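For reference, the structure discussed in these notes is given below.
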2 protein chains.
Amino acid sequence: MLTLRQMRYFEALASARHFGKAAELVHVSQPALSAQIMEMENHLGVKLVERSRSGVFLTRKGEEVLARTRTILADVDMLEQSARASSGTLEGRIRIGVIPTLAPYLVPRLVPHLRRVYPAIEIELKESVTSRLVADLGEGLLDAVVAALPIETDGLSTKPLFSDRFYMAMADDERNILMSPLTEDQVDVEQLLLLEEGHCLRDQALAVCSTAGKRRLVSFGATSMTTLLQMVANGMGMTLIPEIAIATEAARNSIRIVPFAAPEPAREIGLVWRRSSPRERDMEALATAISDCADDIIRAAAA
Amino acid sequence: MLTLRQMRYFEALASARHFGKAAELVHVSQPALSAQIMEMENHLGVKLVERSRSGVFLTRKGEEVLARTRTILADVDMLEQSARASSGTLEGRIRIGVIPTLAPYLVPRLVPHLRRVYPAIEIELKESVTSRLVADLGEGLLDAVVAALPIETDGLSTKPLFSDRFYMAMADDERNILMSPLTEDQVDVEQLLLLEEGHCLRDQALAVCSTAGKRRLVSFGATSMTTLLQMVANGMGMTLIPEIAIATEAARNSIRIVPFAAPEPAREIGLVWRRSSPRERDMEALATAISDCADDIIRAAAA
DNA sequence: AATATTGATAGGATTTTCTTATCATGCTTA
DNA sequence: TAAGCATGATAAGAAAATCCTATCAATATT
């Protein structure tokens, strides 16, 4: 089996053209170097060097092998260097999954922010429901997931990022005469519009309004918050909207946002990653960035 | 120190994404593979793989190192293959030195002949006096030398190729009324034209004509046979010409070629190479080729 | 909870590699 | 020409690296 050691010694020998000198170059005794060269020659079945009194010459094959050896050794050097170049925080590719009820509001702020703070970052995004994202995380297809907690943590680490309060969104007309702040039992489940199955926000909405019977539930299976709020604006019902979505969606649709009475219901957004991942520092940095962005977005909505 | 073994195991691990399977791939126990991977990680100071219950993933660095590792391993394969591809007879570069009193007559036939018989040959030629050629041979700058024997053989091997008889060349006019065949003591040393110092033919000519005193020697220091024979044709004297040069030179100059009486003086042309050279077979083939060409040339002259 | 997988760890055997000492050869020099 | 020198090969034993078997710890599965 050919070894790098053999190549290193051979390189030295080719440079020194002298077994003893070459052995010094690689900090080894002359017999050790001789043995490795012989081993290499035997393995390749070729004479690499010509030993003569007037010095050591490479054979034709030796010259050819030397050329290849040099590029290989150089490549190995490159490998060591590039591997050791400890990539700092958030350098290189990071694959982030974000749930659909968060992504459209968070990502447009988060990505530019990350790019600004960590110029060497390469962001890959995936938007899907929590279960899909967690599966991808488990398979190594994602590095981090931003989703609503709690998440059954199966070899995963979690860090809470921010709290995202729920509001009720309804058509901005006179039909909806509700107290503000709203209490949960005022919600008419028949009027509640929900996202399609799989979205955590759907489950959360149901949890908030759980006091009423679930029988008369009408699901239009909306695929996005935006769709849902268009339905709301058209008077088809009302829906729960997370605070982070308000600024964007209120600007698009003519809706009224009604707060809940304390204790205000909310979802906890958190960052999730494989516990076995060596990127603790990246996760820390990412968590901070997301929290900051979310705060900005929510503060902007309040203003 | 990074080793190819580590890289081979790492490659296997990246392919199998499983320590046990990877170990099988490289015919080794799982702890052995684990240890090498750990060694590699420690050496590089980087986590290459993420060990998790749901499988083994490469880290970013791991991916990068893998890419480099693969090209290195491929290059090593190439090296082994190309080295093992036993170059047949007279394949690749061969550097041949030829003395000036032989080269102009031998080379134009020899080179096409070699190219025809050994298509993969790359010929490099050097024309110089014996001492220079032998020095170059000793320094590994030449692989073979074609020169007149004997050669003080200092770590060199020698093989006689052919015998090259001497003739006397003189102006083709009526002034030279000499017996044919010539006997050596008929030569008038004062009329003898010689090559400059260093050429073996000069010494051989003097040896042939040694019976006469050397005092009156007139040397014009001609640098080539052709020059010398032009001088002869112009009536400036006579000179020794080796048989192999006759066909070419007689066609160029109006000269008369007179043979010597038996035992005809001659030079022995031989092939010389470093005894330590592993190219015995090449030397054998080269010797045959040269002998064949020389025979052709001399036979052509006789016709 | 019991069982099966999977990678890490431990201890000792095996193989590789190294060093020192010495040899053989050919060159240099007295 | 013989003694001394330089150089790479060889030998023998020490050091190291690598490996294997057995076992552990942590998870995942049943």
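Residue numbers start from 1 in every chain, and the chains themselves are labelled A, B, ... in the order their sequence lines are given, proteins ahead of strands. Being a predicted model, the structure only gives us computed values, none of them experimental. For the numbers below, each heavy atom of this structure counts, side chains included, while hydrogens, waters and symmetry mates do not.
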Report each atom pair, protein N/O against N/O of nucleotides 26-30 of chain C, whose distance is under 3.5 angstrom.
from	atom 1	to	atom 2	distance (Å)
dG26(C)	O4'	Arg53(A)	NE	3.3

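- Distance alone, capped at 3.5 Å, places no donor-acceptor pair between the Arg202(A) side chain and the Leu194(A) backbone.
- To the nearest angstrom, P of dG7(C) lies 11 Å from CD1 of Ile37(B).
- Nucleic acid contact for Gln36(B): sugar-phosphate only, since backbone atoms but no base atoms lie under 4.0 Å from a heavy atom of the residue.
- The stretch residues 128-136 of chain A does not touch DNA chain C, since none of its heavy atoms comes less than 4.0 Å from the strand.
- Rounded to whole Å, atom C1' of dT25(C) lies 16 Å from atom CD of Glu50(A).
- The nucleotide whose nearest atom lies closest to any side-chain atom of Pro31(A) is, among dT17(C), dA21(C), dA8(C), dA21(C).
- Protein atom CD of Gln6(A) is 7 Å distant from nucleotide atom P of dT17(C), rounded to whole Å.
- Rounded to whole Å, the distance from CD on Glu39(B) to P on dT9(C) is 13 Å.
- Shortest non-hydrogen contact noted between Phe19(B) and Ser34(B) is CD2-OG, 3.2 Å.
- Sorted by first and then second residue, the pairs that involve residues 130-141 of chain A and meet side chain to side chain donor-acceptor pair (under 3.5 Å), not counting sequence neighbours, are Lys126(A)-Asp136(A), Arg132(A)-Asp136(A).
- Stem analysis of DNA chain D (at least three stacked-register Watson-Crick or G-U pairs, each with both distances under 3.5 Å) gives C:1-30 with D:1-30.
- Close approach of DNA chain D to chain B, defined as any atom under 4.0 Å from a non-hydrogen atom of the protein, starts and stops at dT18(D) to dA28(D).
- For the pair Ile99(A) and Arg267(A), the tightest heavy-atom approach, listed with the atom from each and the gap, is CD1-NH1, 4.0 Å.
- Taking a 4.0 Å limit (strictly below) on heavy-atom distances, residues 18-28 of chain B reaches DNA chain C at His18(B), Phe19(B), Gly20(B).
- When the C1' atom of dT6(C) is taken as reference, atom CE of Met38(B) falls 13 Å away, rounded to whole Å.
- When rounded to the nearest whole Å, the span between CZ of Phe57(B) and P of dT6(C) equals 14 Å.
- Proximity of Leu286(B) to Leu114(B): side-chain heavy atoms (C-beta onward) are separated by under 4.5 Å at one or more points.
- Just one of Glu280(A), Glu284(A), Glu268(A) meets the salt bridge (charged side-chain N to carboxylate O under 4.0 Å, His left out) condition when paired with Lys159(A); it is Glu284(A).
- Where Ala32(A) and Arg5(B) each meet DNA chain C at their nearest nucleotide, the meeting point lying more 5' is that of Arg5(B).
- Put simply, the side chain of Gln204(B) does not reach to within 4.5 Å of the side chain of Asp164(B), judged on heavy atoms.
- The nearest whole Å value for the distance from the OH atom in Tyr9(B) to the C1' atom in dA8(C) is 17 Å.
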Take Phe10(A) and Gln36(A) through the test side-chain contact (heavy atoms from CB on, under 4.5 Å) and record every step on the way to the result. CA-CA 8 Å; Phe10(A) 177 57; Gln36(A) 290 297 325; over 6 Å; no

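- Within the nucleic acid shown, Ser29(B) comes within 4.0 Å of at least one base atom, counting heavy atoms only.
- Arg84(A) CZ: more than 12 foreign heavy atoms inside a 6.0 Å radius.
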